[in-house]
Amino acid sequence: MKRTFWGGLALLSAAFLPQLATAEPDLDRMSVEELLPLAQKEGKVTVYSFTSRIARVEKEFEKTYPGVDLIPSDMGSTEQIARLKTEAVAGISNADVIYLSDTPVVLTELLEKGLIRNYVPPRIENRMPAEFKAPLLSPRLSTKVLMYSEEAYPDGSPIRNLWQMTTDEWRGRVVIVDPLQKGDYLDLMTEFVLRGEEMAKAYEAQFGKPVELDEGVDNAGAQFIIDLFENDVIIVGSSDDVSAAIGRKGQTAPPVGFTTYSDMRDNEREGWALQVANDVQPSNGIIFPAVLAITTKTTHPAAARLVIDFLMGDDSSNGGPSYAPFYVPGDYAARTDIESHPAAVPLKDLTAWRVDPAATAKLRQNIGDLILQLQ
(Lines give C-alpha, C1' and ligand atoms only; values in the text may rest on other atoms or scores of the structure.)
Protein backbone atom coordinates (compact mmCIF):
# COMPACT_ATOMS: atom_id res chain seq x y z
CA MET A 1 0.00 0.00 0.00
CA LYS A 2 1.43 3.39 -0.96
CA ARG A 3 2.31 5.64 1.95
CA THR A 4 0.79 9.12 1.88
CA PHE A 5 2.11 12.09 3.83
CA TRP A 6 -0.66 13.72 5.80
CA GLY A 7 0.23 17.32 6.66
CA GLY A 8 -1.38 18.73 9.79
CA LEU A 9 -2.26 15.45 11.49
CA ALA A 10 -4.00 17.34 14.27
CA LEU A 11 -6.60 18.57 11.80
CA LEU A 12 -7.77 15.05 10.93
CA SER A 13 -11.22 14.31 12.19
CA ALA A 14 -11.66 11.67 14.83
CA ALA A 15 -13.50 9.58 12.28
CA PHE A 16 -10.24 8.89 10.49
CA LEU A 17 -8.26 7.81 13.53
CA PRO A 18 -9.62 4.26 13.75
CA GLN A 19 -8.81 3.81 10.05
CA LEU A 20 -5.22 4.85 10.63
CA ALA A 21 -4.92 2.57 13.61
CA THR A 22 -6.04 -0.45 11.60
CA ALA A 23 -4.35 0.44 8.30
CA GLU A 24 -2.82 -2.46 6.41
CA PRO A 25 0.97 -2.58 6.92
CA ASP A 26 3.17 -1.68 3.95
CA LEU A 27 4.71 -5.10 3.36
CA ASP A 28 6.78 -3.86 0.43
CA ARG A 29 8.87 -1.67 2.72
CA MET A 30 9.29 -4.15 5.55
CA SER A 31 12.63 -5.68 6.42
CA VAL A 32 13.16 -9.42 6.63
CA GLU A 33 12.99 -9.18 10.43
CA GLU A 34 9.59 -7.50 10.20
CA LEU A 35 8.25 -9.91 7.60
CA LEU A 36 9.29 -13.10 9.41
CA PRO A 37 6.69 -13.20 12.23
CA LEU A 38 3.95 -12.39 9.72
CA ALA A 39 5.18 -15.13 7.40
CA GLN A 40 5.29 -17.61 10.28
CA LYS A 41 1.64 -16.85 11.01
CA GLU A 42 0.84 -17.54 7.35
CA GLY A 43 2.76 -20.78 7.67
CA LYS A 44 3.60 -21.55 4.05
CA VAL A 45 4.39 -20.18 0.62
CA THR A 46 3.98 -21.86 -2.78
CA VAL A 47 6.49 -21.15 -5.53
CA TYR A 48 5.98 -22.04 -9.19
CA SER A 49 9.52 -22.39 -10.55
CA PHE A 50 10.88 -23.00 -14.04
CA THR A 51 14.04 -24.51 -12.55
CA SER A 52 14.29 -27.73 -10.57
CA ARG A 53 16.95 -26.02 -8.45
CA ILE A 54 14.09 -24.62 -6.36
CA ALA A 55 14.21 -27.90 -4.39
CA ARG A 56 17.63 -26.93 -3.03
CA VAL A 57 16.35 -23.47 -2.20
CA GLU A 58 13.49 -25.05 -0.24
CA LYS A 59 15.87 -26.80 2.15
CA GLU A 60 17.94 -23.70 2.83
CA PHE A 61 14.88 -21.47 3.20
CA GLU A 62 13.18 -23.71 5.75
CA LYS A 63 16.44 -24.04 7.66
CA THR A 64 16.82 -20.25 7.76
CA TYR A 65 13.16 -19.48 8.47
CA PRO A 66 11.62 -22.28 10.54
CA GLY A 67 7.88 -22.22 10.69
CA VAL A 68 7.45 -21.21 7.03
CA ASP A 69 6.91 -24.18 4.70
CA LEU A 70 8.16 -23.50 1.18
CA ILE A 71 6.17 -25.61 -1.28
CA PRO A 72 8.00 -25.80 -4.62
CA SER A 73 6.25 -26.67 -7.88
CA ASP A 74 8.70 -27.33 -10.69
CA MET A 75 7.24 -26.50 -14.11
CA GLY A 76 8.42 -24.83 -17.28
CA SER A 77 7.61 -21.22 -18.06
CA THR A 78 5.10 -22.11 -20.77
CA GLU A 79 3.21 -24.42 -18.40
CA GLN A 80 3.34 -21.84 -15.61
CA ILE A 81 1.86 -19.13 -17.79
CA ALA A 82 -0.93 -21.41 -18.99
CA ARG A 83 -1.72 -22.57 -15.46
CA LEU A 84 -1.80 -19.07 -14.00
CA LYS A 85 -4.19 -17.92 -16.72
CA THR A 86 -6.42 -20.95 -16.17
CA GLU A 87 -6.44 -20.43 -12.41
CA ALA A 88 -7.35 -16.76 -12.87
CA VAL A 89 -10.34 -17.68 -15.04
CA ALA A 90 -11.44 -20.17 -12.38
CA GLY A 91 -11.06 -17.57 -9.65
CA ILE A 92 -8.40 -19.48 -7.72
CA SER A 93 -4.81 -18.76 -6.79
CA ASN A 94 -2.54 -21.68 -5.96
CA ALA A 95 0.79 -19.88 -6.32
CA ASP A 96 2.21 -17.09 -4.19
CA VAL A 97 5.46 -16.55 -6.09
CA ILE A 98 6.39 -17.26 -9.68
CA TYR A 99 9.94 -17.79 -10.88
CA LEU A 100 10.14 -18.08 -14.64
CA SER A 101 11.69 -16.95 -17.89
CA ASP A 102 10.07 -16.29 -21.29
CA THR A 103 9.77 -12.65 -20.27
CA PRO A 104 8.03 -11.41 -23.45
CA VAL A 105 4.99 -13.53 -22.66
CA VAL A 106 5.18 -12.88 -18.93
CA LEU A 107 4.92 -9.15 -19.54
CA THR A 108 2.00 -9.33 -21.95
CA GLU A 109 0.02 -12.26 -20.57
CA LEU A 110 0.60 -11.97 -16.84
CA LEU A 111 1.83 -8.53 -15.79
CA GLU A 112 -0.27 -6.40 -18.16
CA LYS A 113 -3.36 -8.47 -17.33
CA GLY A 114 -2.88 -7.96 -13.60
CA LEU A 115 -2.18 -11.58 -12.65
CA ILE A 116 1.18 -10.77 -11.06
CA ARG A 117 2.85 -7.73 -9.51
CA ASN A 118 6.42 -6.62 -9.02
CA TYR A 119 8.23 -6.64 -5.70
CA VAL A 120 11.77 -5.43 -5.06
CA PRO A 121 13.10 -6.23 -1.58
CA PRO A 122 14.34 -3.04 0.13
CA ARG A 123 17.57 -4.80 1.10
CA ILE A 124 18.79 -5.08 -2.50
CA GLU A 125 17.23 -2.00 -4.11
CA ASN A 126 20.52 -0.16 -4.36
CA ARG A 127 22.50 -3.16 -5.53
CA MET A 128 20.86 -3.62 -8.91
CA PRO A 129 20.64 -1.73 -12.21
CA ALA A 130 17.22 -0.23 -12.89
CA GLU A 131 16.63 -2.54 -15.86
CA PHE A 132 16.59 -5.55 -13.53
CA LYS A 133 14.19 -4.03 -11.02
CA ALA A 134 11.34 -3.08 -13.36
CA PRO A 135 8.95 -3.91 -14.85
CA LEU A 136 9.79 -7.15 -12.99
CA LEU A 137 12.55 -8.14 -10.61
CA SER A 138 15.28 -10.28 -12.14
CA PRO A 139 17.58 -12.27 -9.85
CA ARG A 140 19.78 -13.52 -12.67
CA LEU A 141 20.34 -13.82 -16.39
CA SER A 142 19.88 -17.18 -18.09
CA THR A 143 20.84 -18.37 -21.56
CA LYS A 144 20.04 -20.44 -24.60
CA VAL A 145 23.39 -20.76 -26.33
CA LEU A 146 25.32 -23.09 -28.61
CA MET A 147 27.01 -25.95 -26.76
CA TYR A 148 29.35 -28.74 -27.84
CA SER A 149 31.30 -31.70 -26.41
CA GLU A 150 34.79 -30.71 -25.37
CA GLU A 151 35.72 -34.40 -25.19
CA ALA A 152 34.96 -34.94 -28.87
CA TYR A 153 36.26 -31.52 -29.91
CA PRO A 154 39.23 -30.77 -27.62
CA ASP A 155 40.46 -27.94 -29.84
CA GLY A 156 37.30 -25.92 -29.31
CA SER A 157 33.88 -25.61 -30.84
CA PRO A 158 33.54 -27.16 -34.30
CA ILE A 159 31.07 -24.38 -35.11
CA ARG A 160 32.58 -20.92 -35.59
CA ASN A 161 29.75 -19.49 -37.68
CA LEU A 162 26.05 -20.28 -37.16
CA TRP A 163 25.57 -20.88 -40.88
CA GLN A 164 27.84 -23.95 -40.71
CA MET A 165 24.90 -25.76 -39.13
CA THR A 166 22.97 -25.43 -42.41
CA THR A 167 25.64 -27.30 -44.41
CA ASP A 168 25.70 -30.98 -45.39
CA GLU A 169 28.42 -31.68 -42.81
CA TRP A 170 25.95 -30.89 -40.02
CA ARG A 171 22.82 -32.40 -41.51
CA GLY A 172 20.94 -34.14 -38.71
CA ARG A 173 23.59 -33.13 -36.18
CA VAL A 174 22.02 -30.05 -34.58
CA VAL A 175 19.69 -30.46 -31.59
CA ILE A 176 17.17 -28.00 -30.16
CA VAL A 177 14.10 -28.09 -27.95
CA ASP A 178 10.83 -27.64 -29.84
CA PRO A 179 10.36 -23.84 -29.99
CA LEU A 180 6.60 -24.29 -30.07
CA GLN A 181 6.70 -26.06 -26.70
CA LYS A 182 9.34 -24.03 -24.85
CA GLY A 183 9.07 -20.27 -25.12
CA ASP A 184 12.77 -19.52 -24.52
CA TYR A 185 13.62 -21.38 -27.71
CA LEU A 186 10.99 -19.47 -29.65
CA ASP A 187 12.61 -16.31 -28.30
CA LEU A 188 15.92 -17.61 -29.66
CA MET A 189 14.41 -18.17 -33.10
CA THR A 190 12.85 -14.72 -32.97
CA GLU A 191 16.21 -13.17 -32.15
CA PHE A 192 17.71 -14.60 -35.33
CA VAL A 193 15.14 -12.60 -37.28
CA LEU A 194 15.53 -9.46 -35.20
CA ARG A 195 19.26 -9.69 -35.93
CA GLY A 196 18.74 -10.24 -39.66
CA GLU A 197 21.45 -7.81 -40.74
CA GLU A 198 24.03 -9.52 -38.54
CA MET A 199 22.93 -12.90 -39.87
CA ALA A 200 23.36 -11.62 -43.44
CA LYS A 201 26.93 -10.48 -42.69
CA ALA A 202 27.71 -13.83 -41.06
CA TYR A 203 26.42 -15.65 -44.15
CA GLU A 204 28.77 -13.68 -46.40
CA ALA A 205 31.67 -14.33 -44.01
CA GLN A 206 30.97 -18.07 -44.15
CA PHE A 207 30.22 -18.55 -47.83
CA GLY A 208 31.92 -15.57 -49.48
CA LYS A 209 28.78 -14.25 -51.16
CA PRO A 210 25.57 -12.42 -50.21
CA VAL A 211 22.80 -14.49 -48.66
CA GLU A 212 20.28 -15.93 -51.11
CA LEU A 213 16.74 -15.53 -49.83
CA ASP A 214 13.92 -17.86 -50.81
CA GLU A 215 10.92 -16.39 -52.56
CA GLY A 216 8.76 -14.56 -50.04
CA VAL A 217 11.58 -14.39 -47.46
CA ASP A 218 13.00 -10.93 -46.81
CA ASN A 219 15.24 -11.54 -43.79
CA ALA A 220 18.47 -13.49 -43.41
CA GLY A 221 17.50 -14.61 -39.93
CA ALA A 222 14.29 -16.15 -41.23
CA GLN A 223 16.28 -17.82 -44.00
CA PHE A 224 18.62 -19.27 -41.40
CA ILE A 225 15.69 -20.82 -39.53
CA ILE A 226 14.34 -22.29 -42.78
CA ASP A 227 17.71 -23.69 -43.79
CA LEU A 228 18.32 -25.11 -40.30
CA PHE A 229 15.02 -26.97 -40.27
CA GLU A 230 15.51 -28.19 -43.83
CA ASN A 231 18.89 -29.55 -42.75
CA ASP A 232 17.11 -32.09 -40.54
CA VAL A 233 17.49 -30.34 -37.21
CA ILE A 234 16.69 -32.74 -34.35
CA ILE A 235 13.76 -31.60 -32.19
CA VAL A 236 13.61 -32.89 -28.59
CA GLY A 237 11.44 -32.27 -25.55
CA SER A 238 13.71 -30.61 -22.99
CA SER A 239 17.02 -28.88 -22.40
CA ASP A 240 18.21 -31.95 -20.53
CA ASP A 241 17.61 -34.01 -23.70
CA VAL A 242 19.71 -31.55 -25.68
CA SER A 243 22.50 -31.57 -23.11
CA ALA A 244 22.57 -35.37 -22.97
CA ALA A 245 22.66 -35.71 -26.76
CA ILE A 246 25.53 -33.25 -27.04
CA GLY A 247 27.52 -33.91 -23.91
CA ARG A 248 27.34 -37.67 -23.36
CA LYS A 249 30.91 -38.98 -23.23
CA GLY A 250 32.21 -41.66 -25.60
CA GLN A 251 30.74 -40.22 -28.79
CA THR A 252 32.98 -39.81 -31.84
CA ALA A 253 30.96 -37.19 -33.73
CA PRO A 254 28.29 -35.85 -31.37
CA PRO A 255 25.85 -33.15 -32.39
CA VAL A 256 25.91 -29.56 -31.30
CA GLY A 257 22.88 -27.68 -30.13
CA PHE A 258 21.28 -24.83 -28.25
CA THR A 259 20.68 -25.32 -24.56
CA THR A 260 21.25 -23.64 -21.21
CA TYR A 261 24.87 -22.71 -20.51
CA SER A 262 24.45 -23.51 -16.82
CA ASP A 263 23.68 -27.16 -17.66
CA MET A 264 27.45 -27.57 -17.47
CA ARG A 265 26.96 -27.79 -13.71
CA ASP A 266 25.75 -31.37 -14.28
CA ASN A 267 28.78 -32.53 -16.28
CA GLU A 268 30.32 -34.58 -13.48
CA ARG A 269 27.06 -36.02 -12.17
CA GLU A 270 25.69 -36.96 -15.60
CA GLY A 271 28.94 -37.96 -17.29
CA TRP A 272 28.75 -35.13 -19.80
CA ALA A 273 31.46 -33.04 -21.45
CA LEU A 274 29.38 -29.95 -22.21
CA GLN A 275 31.16 -26.73 -23.09
CA VAL A 276 29.91 -23.38 -24.35
CA ALA A 277 30.76 -22.32 -27.91
CA ASN A 278 31.55 -18.66 -27.43
CA ASP A 279 33.75 -17.84 -30.43
CA VAL A 280 30.87 -17.91 -32.91
CA GLN A 281 29.75 -15.46 -35.57
CA PRO A 282 27.55 -13.48 -35.24
CA SER A 283 26.49 -14.78 -31.80
CA ASN A 284 26.19 -18.01 -29.86
CA GLY A 285 22.56 -17.45 -28.82
CA ILE A 286 20.65 -15.33 -26.34
CA ILE A 287 20.89 -14.15 -22.76
CA PHE A 288 17.75 -13.06 -20.98
CA PRO A 289 16.40 -12.30 -17.50
CA ALA A 290 14.72 -14.85 -15.30
CA VAL A 291 12.08 -13.02 -13.29
CA LEU A 292 10.41 -13.20 -9.90
CA ALA A 293 6.97 -11.85 -9.06
CA ILE A 294 4.15 -12.12 -6.54
CA THR A 295 0.77 -13.33 -7.70
CA THR A 296 -1.87 -10.64 -7.31
CA LYS A 297 -4.18 -12.96 -5.38
CA THR A 298 -1.54 -14.41 -3.05
CA THR A 299 -2.90 -15.60 0.27
CA HIS A 300 0.56 -15.53 1.88
CA PRO A 301 1.82 -12.02 1.07
CA ALA A 302 4.47 -11.76 3.80
CA ALA A 303 5.92 -15.20 3.10
CA ALA A 304 5.91 -14.42 -0.62
CA ARG A 305 8.08 -11.37 -0.03
CA LEU A 306 10.32 -13.28 2.33
CA VAL A 307 11.06 -15.99 -0.24
CA ILE A 308 11.77 -13.45 -2.99
CA ASP A 309 14.24 -11.69 -0.72
CA PHE A 310 15.83 -15.07 0.01
CA LEU A 311 16.14 -15.96 -3.69
CA MET A 312 18.11 -12.78 -4.29
CA GLY A 313 21.01 -14.10 -2.20
CA ASP A 314 22.55 -12.93 1.06
CA ASP A 315 25.07 -10.11 1.55
CA SER A 316 28.19 -12.12 0.62
CA SER A 317 30.07 -11.77 -2.69
CA ASN A 318 28.72 -15.10 -4.01
CA GLY A 319 25.17 -14.79 -2.67
CA GLY A 320 25.64 -17.41 0.06
CA PRO A 321 23.65 -20.63 0.59
CA SER A 322 20.38 -19.19 -0.68
CA TYR A 323 21.96 -18.33 -4.04
CA ALA A 324 24.29 -21.35 -4.24
CA PRO A 325 22.12 -23.35 -6.69
CA PHE A 326 22.47 -20.49 -9.17
CA TYR A 327 26.10 -19.61 -8.52
CA VAL A 328 27.34 -21.74 -11.41
CA PRO A 329 29.05 -21.09 -14.75
CA GLY A 330 26.46 -19.82 -17.19
CA ASP A 331 24.20 -18.01 -14.72
CA TYR A 332 24.89 -14.32 -14.15
CA ALA A 333 23.60 -12.47 -11.11
CA ALA A 334 21.66 -9.28 -11.74
CA ARG A 335 22.98 -7.84 -8.49
CA THR A 336 26.12 -5.80 -9.04
CA ASP A 337 27.68 -6.96 -5.77
CA ILE A 338 27.55 -10.70 -6.56
CA GLU A 339 30.61 -11.75 -8.52
CA SER A 340 30.31 -14.01 -11.57
CA HIS A 341 31.40 -17.61 -11.11
CA PRO A 342 35.18 -17.81 -11.72
CA ALA A 343 34.78 -20.70 -14.20
CA ALA A 344 32.30 -18.80 -16.38
CA VAL A 345 32.99 -16.76 -19.47
CA PRO A 346 32.85 -13.17 -18.13
CA LEU A 347 29.53 -11.58 -18.98
CA LYS A 348 31.21 -8.81 -20.95
CA ASP A 349 32.90 -11.44 -23.14
CA LEU A 350 29.87 -13.65 -23.72
CA THR A 351 28.81 -13.30 -27.37
CA ALA A 352 25.13 -13.99 -26.70
CA TRP A 353 22.60 -11.36 -27.80
CA ARG A 354 20.72 -9.56 -25.02
CA VAL A 355 16.99 -10.06 -25.59
CA ASP A 356 14.66 -7.06 -25.77
CA PRO A 357 11.39 -8.57 -24.42
CA ALA A 358 9.19 -5.86 -25.98
CA ALA A 359 10.67 -6.33 -29.46
CA THR A 360 10.47 -10.11 -29.12
CA ALA A 361 6.83 -10.00 -28.06
CA LYS A 362 5.85 -8.16 -31.25
CA LEU A 363 7.39 -10.74 -33.58
CA ARG A 364 7.36 -14.11 -31.87
CA GLN A 365 3.87 -15.16 -33.03
CA ASN A 366 4.93 -14.74 -36.67
CA ILE A 367 8.07 -16.79 -36.03
CA GLY A 368 5.97 -19.45 -34.33
CA ASP A 369 3.78 -19.63 -37.43
CA LEU A 370 6.88 -20.02 -39.59
CA ILE A 371 8.21 -22.87 -37.47
CA LEU A 372 4.82 -24.59 -37.49
CA GLN A 373 5.00 -24.64 -41.29
CA LEU A 374 8.51 -26.04 -41.21
CA GLN A 375 7.83 -28.91 -38.79
Side-chain angles (χ1 to χ4, degrees), residues 49-54 56-57 60 77 98-104 106-107 118 120-121 123-148 157 182-185 187-188 191 195 239 242-243 258-267 274-280 282-293 308-357 360:
S49 170
F50 79 116
T51 170
S52 60
R53 285 178 274 180
I54 194 66
R56 291 175 57 192
V57 174
E60 289 297 330
S77 295
I98 62 164
Y99 190 9
L100 72 176
S101 55
D102 202 5
T103 311
V106 175
L107 295 179
N118 195 24
V120 180
R123 181 178 61 87
I124 52 89
E125 269 186 316
N126 296 325
R127 308 182 192 187
M128 299 182 67
E131 65 180 303
F132 298 132
K133 294 188 289 187
L136 289 173
L137 178 69
S138 175
R140 63 188 174 93
L141 300 176
S142 188
T143 59
K144 290 292 176 283
V145 292
L146 190 66
M147 305 286 283
Y148 71 97
S157 171
K182 297 291 184 179
D184 296 339
Y185 291 87
D187 294 345
L188 171 64
E191 197 67 23
R195 306 283 183 162
S239 293
V242 177
S243 297
F258 293 97
T259 187
T260 306
Y261 180 6
S262 61
D263 278 359
M264 283 180 55
R265 70 187 185 276
D266 293 330
N267 273 353
L274 282 176
Q275 185 54 266
V276 64
N278 194 48
D279 186 15
V280 181
S283 169
N284 64 357
I286 58 174
I287 185 166
F288 52 89
V291 293
L292 284 165
I308 287 179
D309 180 278
F310 191 76
L311 280 162
M312 294 304 297
D314 67 14
D315 294 336
S316 61
S317 62
N318 63 5
S322 64
Y323 194 76
F326 310 104
Y327 191 70
V328 296
D331 278 334
Y332 297 92
R335 276 176 49 185
T336 55
D337 58 334
I338 293 182
E339 300 170 358
S340 294
H341 194 283
V345 174
L347 182 58
K348 65 181 179 62
D349 297 329
L350 189 71
T351 60
W353 289 311
R354 184 74 63 88
V355 167
D356 178 349
T360 303

If I take atom [atom1] from residue [X] and atom [atom2] from residue [Y], how far apart are they, to the nearest 0.5 angstrom?
X      : Y      : atom1 : atom2 : result
Asp184 : Phe288 : CG    : CZ    : 4.0 Å
Ile287 : Leu347 : CD1   : CG    : 5.0 Å
His341 : Tyr327 : NE2   : OH    : 6.0 Å
Tyr332 : Lys348 : OH    : NZ    : 11.0 Å
Thr260 : Asp266 : OG1   : CG    : 10.5 Å
Thr103 : Asp356 : OG1   : CG    : 11.0 Å

Passing option when Asp263 is tested against Val242, Val328, Leu274, Val276 for side-chain contact (heavy atoms from CB on, under 4.5 Å)
Leu274
For Asp314 and Ser322, which I'm curious about, is there any donor-acceptor pair between the side chains at under 3.5 Å?
no
Can you see which heavy atom on [X] is nearest to which on [Y], and at what distance?
X      : Y      : result
Ile338 : Gly319 : CD1-CA, 3.9 Å
Phe326 : Leu311 : CE1-CD2, 4.2 Å
Asn284 : Phe258 : O-CE2, 3.6 Å
Met128 : Ser138 : CE-O, 3.1 Å
Leu100 : Phe50  : CA-CD2, 3.4 Å
Asp187 : Pro104 : OD2-CD, 3.7 Å

Is a salt bridge present between Asp337 and Arg335, judged by a nitrogen-to-oxygen distance below 4.0 Å?
yes
Considering only NZ, NE, NH1 and NH2 on the basic side and carboxylate oxygens on the acidic side, decide whether Glu191 and Lys144 come within less than 4.0 Å.
no
Within a radius of less than 6.0 Å around CG of Asn126, do more than 12 heavy atoms belonging to other residues, nucleotides or ligands occur?
no
Is there a side-chain contact between [X] and [Y] (heavy atoms, below 4.5 Å)?
X      : Y      : result
Ser316 : Tyr323 : no
Val291 : Ile98  : no
Asn278 : Leu350 : yes
Ser157 : Asp279 : no
Thr259 : Tyr185 : yes
Tyr261 : Val345 : yes

Met312 and Arg127: side chain to side chain contact (heavy atoms under 4.5 Å, CB included), yes or no, with the steps?
CA-CA 11 Å; Met312 294 304 297; Arg127 308 182 192 187; over 6 Å; no
Between [X] (side chain) and [Y] (backbone), is there a donor-acceptor pair under 3.5 Å?
X      : Y      : value
Ser101 : Ser77  : no
Thr51  : Arg53  : yes
Asn118 : Leu137 : yes
Ser283 : Thr351 : yes

Hey, mind stepping through Leu141 and Arg354 against side chain to side chain contact (heavy atoms under 4.5 Å, CB included) and telling me if it holds?
CA-CA 10 Å; Leu141 300 176; Arg354 184 74 63 88; 4.1 Å; yes
